[in-house]
Amino acid sequence: MAQLEPCPFFIGGEWIESKLAGTPVYNPSVGEVIAECPIGTAADVNAAVEAAHAAFPAWMETPVVERVRILARFKMLLEDNFEDIVRCNTREHGKTLVESRGDVKRGMEVVEFALGVPSLMMGEVLENVARGIDCEAIRQPLGVCVGITPFNFPAMVPLWMYPIAIACGNTFVLKPSEKVPLTAIKIAKLLEKAGLPKGVLNIVHGGREVVDALLTHPKVKAISFVGSTPIARYIYEVGTKHGKRVQSNGGAKNYVILMPDADVENSTRGVIEAAFGCAGERCMAGSTAVVVGGAEKSVLPTLVEATKRIKVGPTDRDAQPDMGAVITKQHANRVQELISIGEQQGAKVLADGRGVKVSEAPNGFYVGATILDHVQNGMTVAQEEIFGPVLNVMHMEDLDAAIELANKSSYGNGASIFTRSGKAAREFKHRAKAGMIGINIGVPASMAWFPFNGWDESFFGDLHMQGREGVQFFTQQKVTTSRWFSYGEGDIWHTEKK
Ligand code: NAD
């Protein structure tokens, strides 16, 4: 067995190796344990929050241009260490190197966005709201903010949160997923190297006890969460009950509508990427293709052929497969079980990823790319977020029926359409009940300058992550109304006027 990588806490500028019992961090490509993530306690949370709280006054007073200069150095260090982060990300997650590059780049774009905080934090002034009275609104940071993140984007999701939070003058406590803590640690070391003062960013590890301590700590002002819907709802309910500002992203089931006039080659590529990219472990995965009318004869056969050609394998080496492993053995088993449940409930398996053999890595956590056809809305596979390389196919006779079907989903992250018709695309954009719409694009995940815009059960809160909403989330406004009197003969104004 390879030597285990360290998985320290980062509290008040100190990297602290824990003696606590941990949970295994795997290299899913080969099924080997590469680290143990300590399961922290409420005492660890308290130490991290106190460190962040102590660092806040000086950080808030640090001029905003100095704050973002540190982030500019951080961005350069991320570029210099890009491949190293990418390989770490792939090793603990299992996704391909190309996908890891996308993960890290998307996160770096948030840092680029955060460099604009001096402009984005600017307030508003209105002179003469009444005679001789002016009014101004400024933005100030909140204090200690917290981020709790999932396993599927080890680099990007933490970076959705803390670059904006700290650029705005807050301090931060991050709890990365216990399944993938190493990339978050590697990236935080670069921010430390860029000159971030001690205590401005802290990292704690753990599970429910740590999360509950963060949600209820009196010195925490705001919580950003990304993960599955049941936990997202819990975070929102407990966090807001304890007076915190909360933005909480949940799971999803995203529909991709294939119109009869869709370009076969481009839409096949788009759906393959949407359904099987990152082995389907994406909240923006296009997990259901709705085949409309003649698309059944044009796009679907090509899609099935392309799916059968997808090569699954280990991603922790130079020769890269098309698709990597899923996160754990249990998850691989659950995804295969769901495929079988789908089959038992009447779906037709057009491409079958169960029991896939990967000879060069027999202990890796693999599921092959799968297509389930004739899925009906009541089936388990239509209702549950499978979060694996499984594409459901449903058939509808026209666009109206397809939109109606997609809009029945309780989630609302993304929805896409492939068509050559501007009219169909406009109709879909207008009526689809989802916060991120793709037109001839399978995964319309917003870039850093726009909100990551889930609706319904995919998001709990008011202000989304990234973009201007991100800045609003991490700041509170202060409105000052001012009037100045003239004080008679001794007054400078009078003296000068004479
Ligand atoms: P998860 O909900 O299991 O875990 C997310 C975080 O919550 C982790 O840090 C975990 O330690 C913590 N957690 C888990 N169980 C908890 C509990 N009972 N109490 C308190 N905290 C708990 O999610 P995951 O499996 O790591 O990630 C996959 C999920 O995340 C999918 O549902 C996916 O759709 C979703 N996701 C959503 C978005 C989005 O922006 N909407 C982005 C990425 C992932």
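Just so you know, ligand 1 is whichever comes first in the structure, and atom 1 is the first atom listed for that ligand.
- Residue contacts with ligand 1 leave out F459, since none of its heavy atoms falls under 4.0 Å from the ligand.
- Under a 3.5 Å cut-off, the side chain of Q247 and the backbone N or O of S224 do not form any donor-acceptor pair.
- Checked for salt-bridge contact, K433 and D456 miss the test: no charged N lies under 4.0 Å from a carboxylate O.
- K189 forms no cation-pi arrangement with F10, by the criterion of a distance under 6.0 Å to the ring centre and an angle within 45° of the ring axis.
- Salt-bridge annotation for K198 and E192: absent, with no side-chain N of the basic residue lying under 4.0 Å from a carboxylate O of the acidic one.
- A salt bridge does not link K186 to E92: none of the charged nitrogens lies less than 4.0 Å from a carboxylate oxygen.
- Taking any N or O of V157, backbone or side chain, none lies under 3.5 Å from an N or O belonging to ligand 1.
- In terms of polar-atom proximity, K179 is not counted as a contact of ligand 1, lacking any N or O under 3.5 Å from an N or O of the ligand.
- Shortest contact from atom 11 (O) of ligand 1 to any protein heavy atom: E178 OE1, 2.6 Å.
- Counting heavy atoms of neighbouring residues, nucleotides and ligands inside a 6.0 Å radius, atom CD of E404 does not exceed 12 of them.
- For the residues G147, S446, G227, P176, the heavy atom positioned nearest atom 35 (C) of ligand 1 is part of G227.
- Atom 8 (C) of ligand 1 has T149 O, 3.2 Å as its closest protein atom, hydrogens excluded (heavy atom only).
- Residue-ligand proximity: F153 is placed with every non-hydrogen atom at 4.0 Å or more from ligand 1.
- Those atoms of ligand 1 that come under 4.0 Å of a heavy atom in K175, given as number and element, are 9 (O), 11 (O).
- G250 counts as a contact of ligand 1, since one of its heavy atoms falls under 4.0 Å from the ligand.
- Heavy-atom distances between W160 and ligand 1 reach below 4.0 Å in at least one pair.
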